[in-house]
Amino acid sequence: MVDTVIFDVDGTLVDTNYIHVVTWWEAFRQYEHDVPMARVHRAIGMGSDKLLDHALPEDRDRTADDEIRAAHRHLYGEFWTRLRAFDGAAELLRACAGRGLKVVLASSASEREMRALRAALDAEDAITVATSSDDAEESKPAPDIVQVALTRAGTRPERAVFVGDTVWDVQACAKAGVPCVAVLTGGISRHELAEAGAVALYESVADLLRRFDDSPLTGH
């Protein structure tokens with residue numbers, strides 16, 4: 001029986017994935033790394049440490065990595081006041097809370113970024129607890145963030161469902177023993193998400209909300 005729903009935020013509840021693509025692309029260019037946007041997009045959803053390793057050459061000079069991350073934070077920060085939640089995001093969180101489910105936000109975003117994301121969501125009344133990259137030793141696709149979310153919610157993996165948008169979400173959940181429902185709003189294909197092991201697929205959180213009663217979020 002499900003008692004907790006854990007939500008990824010970027011690309012799942014808030015429409016940020018392509019903002020991240022552009023701002024990482026520009027941060028890389030500032031440090032003379034010409035990375036195609038498609039390659040950057042494939043890494044969105046990982047923590048910044050793994051994203052750099054995925055997008056940049058393995059034999060690169062790593063002394064500039066912290067500066068590249070800082071450049072991305074600055075560029076992305078320019079959008080914080082303009083972030084937009086997906087249609088149905090706040091309503092889905094409230095639907096979960098209304099059913100007595102614990103609602104947990106679990107993101108690879110920093111604590112500062114999470115404040116901006118939560119402001120865009122405007123659903124504080126429905127959120128039980130939230131975690132960020134600051135709470136996890138290792139980022140997705142490692143299971144740390146999911147495991148921290150379970151601990152904070154006081155629940156077991158078999159009583160939780162995760163909602164995410166990337167293959168990295170699905171992989172992290174598999175390692176944590178939590179089923180992952182996936183939405184397509186992060187720009188990852190239905191085939192890739194299903195192949196990674198997503199237990200159900202929806203076009204968006206609005207689609208999930210419309211089909212809420214028959215979804216894995218209610219134990220179906």
Side-chain angles (χ1 to χ4, degrees), residues 1-20 44-45 79 82-109 113-132 140 145-146 149-150 152-153 155 157-174 176 178-194 196-220:
M1 185 174 177
V2 174
D3 64 21
T4 301
V5 183
I6 306 169
F7 289 92
D8 172 64
V9 184
D10 282 298
T12 301
L13 298 174
V14 183
D15 192 5
T16 57
N17 278 18
Y18 292 97
I19 300 174
H20 278 299
I44 299 301
F79 291 90
R82 290 174 281 167
L83 297 182
R84 176 186 171 276
F86 286 113
D87 290 342
E91 292 83 357
L92 179 59
L93 299 188
R94 292 188 175 105
C96 291
R99 286 290 187 94
L101 299 168
K102 288 176 273 191
V103 174
V104 182
L105 305 186
S107 174
S108 293
E113 289 174 21
M114 276 295 288
R115 288 197 289 271
L117 292 164
R118 291 176 71 161
L121 272 171
D122 192 23
E124 290 299 305
D125 54 296
I127 299 168
T128 305
V129 69
T131 70
S132 70
K140 299 172 191 172
I145 289 172
V146 183
L150 292 169
R152 294 277 181 87
T155 195
E158 63 271 19
R159 295 179 67 87
V161 174
F162 190 99
V163 181
D165 68 295
T166 70
V167 168
W168 316 121
D169 291 324
V170 183
Q171 291 179 357
C173 287
V178 176
C180 183
V181 170
V183 292
L184 305 183
T185 44
I188 305 302
S189 74
R190 182 181 296 271
H191 171 75
E192 289 171 284
L193 293 165
V199 298
L201 294 159
Y202 297 87
E203 291 293 328
S204 62
V205 287
D207 181 33
L208 178 52
L209 178 61
R210 283 190 294 270
R211 300 159 63 187
F212 181 73
D213 288 339
D214 295 318
S215 76
L217 277 61
T218 56
H220 292 82

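Quantities reported herein were computed from a predicted structural model and do not represent experimental measurements.
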Could you measure the distance from the [atom1] atom of [X] to the [atom2] atom of [Y]? Nearest 0.5 Å is fine.
X	Y	atom1	atom2	result
R152	T131	CZ	OG1	6.5 Å
D10	H20	CG	NE2	3.5 Å
L92	F212	CG	CZ	6.5 Å
E192	L201	CD	CG	11.5 Å
Y202	T12	OH	OG1	14.0 Å
S204	R210	OG	CZ	5.5 Å

Do [X] and [Y] have side chains that approach each other closer than 4.5 Å (heavy atoms only, starting at C-beta)?
X	Y	value
Q171	K140	no
R94	L209	no
V2	T218	no
S215	L208	yes
T16	V9	no

Without swapping roles, check the side chain of [X] against the backbone of [Y] for a donor-acceptor pair under 3.5 Å.
X	Y	value
T128	V104	no
D15	R84	no
D165	T185	no

At their closest point, which heavy atom of [X] faces which heavy atom of [Y], and how far apart are they?
X	Y	answer
C96	L217	SG-CD2, 3.8 Å
Y18	G186	OH-O, 4.1 Å
I145	S107	CD1-O, 3.6 Å
A160	I6	CB-CD1, 4.3 Å
A120	L83	CB-O, 3.7 Å
A182	L193	CB-CD1, 3.9 Å

Begin with the C-alpha distance, continue with both residues' side-chain angles, and end with the deciding distance and a verdict on side-chain hydrogen bond (donor to acceptor under 3.5 Å, both in side chains) for D169 and T166. CA-CA 5 Å; D169 291 324; T166 70; 3.3 Å; yes

Apply the test side chain to side chain contact (heavy atoms under 4.5 Å, CB included) to residues V183 and F86: give CA-CA distance (whole Å), side-chain angles for both, the deciding distance (0.1 Å), then the verdict. CA-CA 11 Å; V183 292; F86 286 113; over 6 Å; no

List the steps and the verdict of side chain to side chain contact (heavy atoms under 4.5 Å, CB included) for T4 and R159. CA-CA 7 Å; T4 301; R159 295 179 67 87; 6.0 Å; no

Might you work through the side chain to side chain contact (heavy atoms under 4.5 Å, CB included) test for V103 and V5, ending with a clear yes or no? CA-CA 5 Å; V103 174; V5 183; 5.5 Å; no

